[in-house]
Amino acid sequence: MSRKNTHTKLAAVNLIALSGLFALPAQATLVINVLTATASTSVDLGAASVSGPQSNSAYVSQYSNSSGPFSYTGASAWGNSYGTYRAGADGNGVFNSVGRFQREVSLTNDNAFATDYSLNFFIYYGSMSASNYGASGSGFGSYDLSIKQNNSTTLFASGAKLESNGTLTTTGTALTGANLSTGYYSWGGTYVTLNLGSVAAGASTSINFDLVSTAFGNFAFDGAGNGNGDGGYGYGCNPSDFNVESSSRCTGSVYAALGDPNDFEGNTGEPRQFLLTERPTDQQVPLPGTLPLLGLGLAVLAYSRKYRLR
């Protein structure tokens with residue numbers, strides 16, 4: 001056998017041995033979403049109209065509305081697997097409405113080593129308003145957002161309640177740019193990063209989202225006529241703006257919503273609002289099978305060097 005052929009074969013063995021170090025099973029994390037949406041409304045102290053709960057792994061959407069002689073209310077909740085979501089409620093007169101969106105993310109570490117995980121997502125801007133518009137009575141709008149791990153450990157919580165007399169009560173983390181003006185509370189987009197800790201190889205953990213938006217009102221009806229709210233459009237009014245010939249009733253109104261203000265791009269599915277990142281918990285230990293391959297590669301390299309020195 002010529003020395004040239006021997007070198008060629010040794011080079012081929014080197015390549016096979018070293019390439020084996022990278023021909024390993026791909027790292028992976030299994031993520032399963034369960035989405036649930038519910039909407040509930042009632043007016044004039046009547047029975048509630050409930051839409052849902054609806055559960056799906058890709059997209060859920062529920063809407064409900066109720067109307068009475070002078071009252072109106074609506075609620076909605078929707079969300080999709082790659083991040084965008086919304087829950088809202090509104091009404092005028094005597095009403096109670098609740099929109100609720102829930103997401104359970106089951107995460108299984110399919111890597112062959114313990115892995116640290118973090119969750120990054122974006123809370124879109126939103127707002128609340130509550131006013132009696134000169135009518136007697138009271139009401140409030142609120143949102144409550146809770147994110148837990150394994151349905152027990154709270155990772156993030158934010159809540160606010162705006163009453164029609166202007167009182168604002170907040171809990172948990174204030175959202176970016178939160179601002180209170182007369183009868184109006186709003187906030188900007190908020191980026192959130194949550195550390196989920198280390199998950200052992202083959203083990204699982206879950207992240208549980210719960211977003212509830214509520215609008216409640218028990219307002220009197222001032223003025224004359226038979227419309228609801230401001231000309232039937234669901235807004236309050238000032239009694240001084242109306243006379244006995246008016247076709248509308250003056251009453252209070254409430255609005256509350258948190259989430260994505262726009263519909264999602266259903267054709268892309270880009271996880272722009274809900275991103276999961278991972279990294280090995282410690283310095284990665286070579287997977288079973290890599291050490292023999294490494295030994296083979298080093299042995300071949302040593303033999304090749306010894307042969308060349310002859």
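As the structure is a computational prediction, the values presented were derived from the model and not from experiment. Along the sequence shown, residues carry numbers from 1.
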Closest contact, heavy atoms only, Ala201 versus Ala112: CB-C, 3.8 Å
Check whether any side-chain N or O of Asn109 sits under 3.5 Å from a backbone N or O of Phe113 as a donor-acceptor pair, and report yes or no. yes
Do Thr108 and Asp110 pass the side chain to side chain donor-acceptor pair (under 3.5 Å) test, and can you show the C-alpha distance, the side-chain angles, and the key distance before you say yes or no? CA-CA 6 Å; Thr108 300; Asp110 280 354; 5.5 Å; no
Can you confirm whether Asn111 sits close enough to Val199 that some side-chain heavy atom of one is under 4.5 Å from a side-chain heavy atom of the other? no
Are Tyr133 and Asn92 packed together at the side-chain level, in the sense that at least one heavy-atom pair is separated by less than 4.5 angstrom? no
Partners passing side-chain contact (heavy atoms from CB on, under 4.5 Å) against Ala48 (at least two apart in sequence or in another chain): Ser40, Ser42, Val50
If the condition is side-chain contact (heavy atoms from CB on, under 4.5 Å), which residues does Thr171 pass it with, not counting sequence neighbours? none
Which residues pass the ring pair (Phe, Tyr, Trp, His ring centres under 6.0 Å) test with Phe156, sequence neighbours left out? none
Mind jotting down which residue pairs meet the salt bridge (charged side-chain N to carboxylate O under 4.0 Å, His left out) criterion with at least one end in residues 52-77? Sequence neighbours excluded, please. none
Testing the basics here: between Ser64 and Ser51, what is the closest heavy-atom pair and its distance to 0.1 Å? CB-CB, 4.2 Å
Taking only residues two or more places apart in sequence or in another chain, which ones pass side-chain contact (heavy atoms from CB on, under 4.5 Å) with Ser55? Thr36
Would you kindly confirm whether Val31 and Val34 end up in one hydrophobic cluster when ILVMFWY residues are joined by side chain heavy atoms under 4.5 Å apart? no
Do side-chain atoms of Glu104 reach the backbone of Ile207 as a donor and acceptor pair under 3.5 angstrom? no
My understanding is that a hydrophobic cluster links ILVMFWY residues whose side chain heavy atoms are under 4.5 Å apart, including indirect links. Using that, what else belongs to the cluster containing Phe95? Val43, Phe219, Val254
So which pairs with a foot in residues 182-202 pass side-chain hydrogen bond (donor to acceptor under 3.5 Å, both in side chains), sequence neighbours left out? Asn120-Thr193, Thr176-Thr190, Ser198-Thr281
Taking only residues at least two apart or on different chains, which pairs with a member in residues 183-195 satisfy salt bridge (charged side-chain N to carboxylate O under 4.0 Å, His left out)? none
With Asp210 via salt bridge (charged side-chain N to carboxylate O under 4.0 Å, His left out) - residues at least two apart: Arg100
Spell out, as yes or no, whether a donor-acceptor pair under 3.5 Å connects the side chain of Thr251 to the backbone of Ala220. yes
Output all residues satisfying side chain to side chain donor-acceptor pair (under 3.5 Å) with Gln149, sequence neighbours left out; order by chain, then residue number. Thr205
Short side-chain to backbone donor-acceptor contact, Asn208 and Asn151, under 3.5 Å: yes
Identify the heavy atoms of Ala257 and Arg86 that sit nearest to each other, and give their distance. CB-NH2, 3.2 Å
Heavy-atom donor-acceptor pair, Asn150 side chain to Ser152 backbone, under 3.5 Å: no
Tell me if a side-chain donor or acceptor on Gln102 pairs with a main-chain N or O of Phe209 at a distance below 3.5 Å. no
Side-chain (Ser49) to main-chain (Ser66) donor-acceptor, under 3.5 angstrom: no
Sort out for me which residue in Phe140, Phe216, Tyr143 forms a side chain to side chain contact (heavy atoms under 4.5 Å, CB included) with Lys161. Phe140
Is there a donor-acceptor pair closer than 3.5 Å between any side-chain N or O of Arg103 and the backbone N or O of Tyr85? no
What pairs meet the salt bridge (charged side-chain N to carboxylate O under 4.0 Å, His left out) rule with one or both residues in residues 193-202, with sequence neighbours excluded? none
Considering residues at least two apart in sequence or located in another chain, which fulfil the side chain to side chain donor-acceptor pair (under 3.5 Å) criterion with Ser97? Thr73
Does any non-hydrogen side-chain atom of Asp144 lie less than 4.5 Å from one of Leu211? no
